[in-house]
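Computed over heavy atoms, backbone and side chain alike; hydrogens, waters and symmetry mates excluded. The chain is numbered in sequence order, starting from 1. What you see is a predicted model, and the numbers here were worked out from it, not measured in a lab.
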Amino acid sequence: MPLLDLSFEQLPGVTVIAISGEMDATNRGQLESYLEERGPDLREQVVFDLAGVPFMDSSGLHVLLACAAACDERGGAARLAAVQSLPARLLEITEVVAYVPVHPTVADAVAAASAVARNMSAPAPE
């Protein structure tokens, strides 16, 4: 079973989760466990850095979509960033891009997520 290299960075209102390795059925459980144990506060904005993911099958996609749905249910949102060509094709074919924002770079995704986080935490006008 090829293991994934997983890390996260907590920024104000945004969690960045970097994934490296091929995401498939052999390591789906590793990613699910990681997200459960060390994963983001799903009420926040979550950015998945996929720059290190050359391949992703439907198993890996399912985990990302489940996390995105959980974020959405709790008032947060998930974004995908720096997606390589093969995973990008999967996202296109499955039309995930219509439901989960995809950004060309992690910096772009963090900027968009940070803007949403700031707006969510701003006091309501009187």
Between Ile17 and Val47, is the side chain to side chain contact (heavy atoms under 4.5 Å, CB included) condition met? List the steps. CA-CA 6 Å; Ile17 300 172; Val47 172; over 6 Å; no
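- Put simply, Phe48 and Val106 are part of two different groups of oily side chains (I, L, V, M, F, W, Y) that touch within less than 4.5 Å, one to the next.
- Residue Leu11 is not grouped with residue Leu35 when hydrophobic side chains (ILVMFWY) are merged at heavy-atom distances under 4.5 angstrom, including chains of intermediate members.
- Atom-to-atom distance recorded for Cys67:SG and His62:NE2 is 11.5 Å, nearest 0.5 angstrom.
- Residue Val14 is not grouped with residue Val116 when hydrophobic side chains (ILVMFWY) are merged at heavy-atom distances under 4.5 angstrom, including chains of intermediate members.
- Note on Val46: it does not cluster hydrophobically with Val110, by side-chain heavy-atom contacts below 4.5 Å among ILVMFWY residues.
- Contact of the Val16 side chain with the Phe8 side chain is not registered, since no non-hydrogen atoms from C-beta on lie closer than 4.5 Å.
- Among residues two or more places apart in sequence or in another chain, the side chain to side chain donor-acceptor pair (under 3.5 Å) test is passed with Thr105 by Asp108.
- A donor-acceptor pair under 3.5 Å is formed between the side chain of Asn27 and the backbone N or O of Asp24.
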Leu31 vs Leu6, side chain to side chain contact (heavy atoms under 4.5 Å, CB included): CA-CA, chis, key distance, verdict: CA-CA 8 Å; Leu31 181 57; Leu6 303 163; 3.8 Å; yes
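- Judged as a side chain to side chain donor-acceptor pair (under 3.5 Å), the pairs with a partner in residues 71-82 (not counting sequence neighbours) are, in order, Arg79-His103.
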Enumerate donor-acceptor pairs with a distance under 3.5 Å from any side-chain N or O in residues 85-95 to protein atoms, sequence neighbours excluded.
residue: Arg89; atom: NH1; partner: Glu92; partner atom: OE2; Å: 3.0
residue: Thr94; atom: OG1; partner: Leu90; partner atom: O; Å: 2.7
residue: Thr94; atom: OG1; partner: Leu91; partner atom: O; Å: 3.4

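- In this structure, Val83 is a member of the same hydrophobic cluster as Val97, with clusters built from ILVMFWY side-chain heavy atoms closer than 4.5 Å.
- Summarising the geometry of Gln45 relative to Ala113, their closest heavy-atom pair is CG-O, 3.4 Å, with the distance given to 0.1 Å.
- Under the 4.5 Å side-chain criterion, counting only non-hydrogen atoms from C-beta, Pro54 is in contact with Glu22.
- The two residues Ala51 and Gln84 come nearest to each other via the heavy atoms O-NE2, 2.5 Å.
- From Asp49, atom CG reaches atom OG of Ser7 across 8.0 Å, with rounding to the nearest 0.5 Å.
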Evaluate the side chain to side chain contact (heavy atoms under 4.5 Å, CB included) criterion for residues Leu4 and Met23: first the C-alpha distance (whole Å), next the side-chain angles of each, then the deciding distance (0.1 Å), finally the verdict. CA-CA 7 Å; Leu4 296 170; Met23 293 174 55; 4.0 Å; yes
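- For the pair Cys71 and Ala78, the tightest heavy-atom approach, listed with the atom from each and the gap, is CB-N, 4.3 Å.
- Atom CG in Leu50 sits 9.5 Å away from atom OG in Ser20 (nearest 0.5 Å).
- Using a 4.5 Å heavy-atom cutoff, the side chains of Gln30 and Leu3 are in contact.
- Contact of the Leu80 side chain with the Pro101 side chain is not registered, since no non-hydrogen atoms from C-beta on lie closer than 4.5 Å.
- Residues Leu65 and Val96 have side chains in contact (heavy-atom distance under 4.5 Å, counting atoms from C-beta outward).
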Evaluate the criterion side chain to side chain contact (heavy atoms under 4.5 Å, CB included) for residue pair Met56 and Leu64; output intermediate values, then yes/no. CA-CA 11 Å; Met56 176 173 47; Leu64 296 180; 3.7 Å; yes
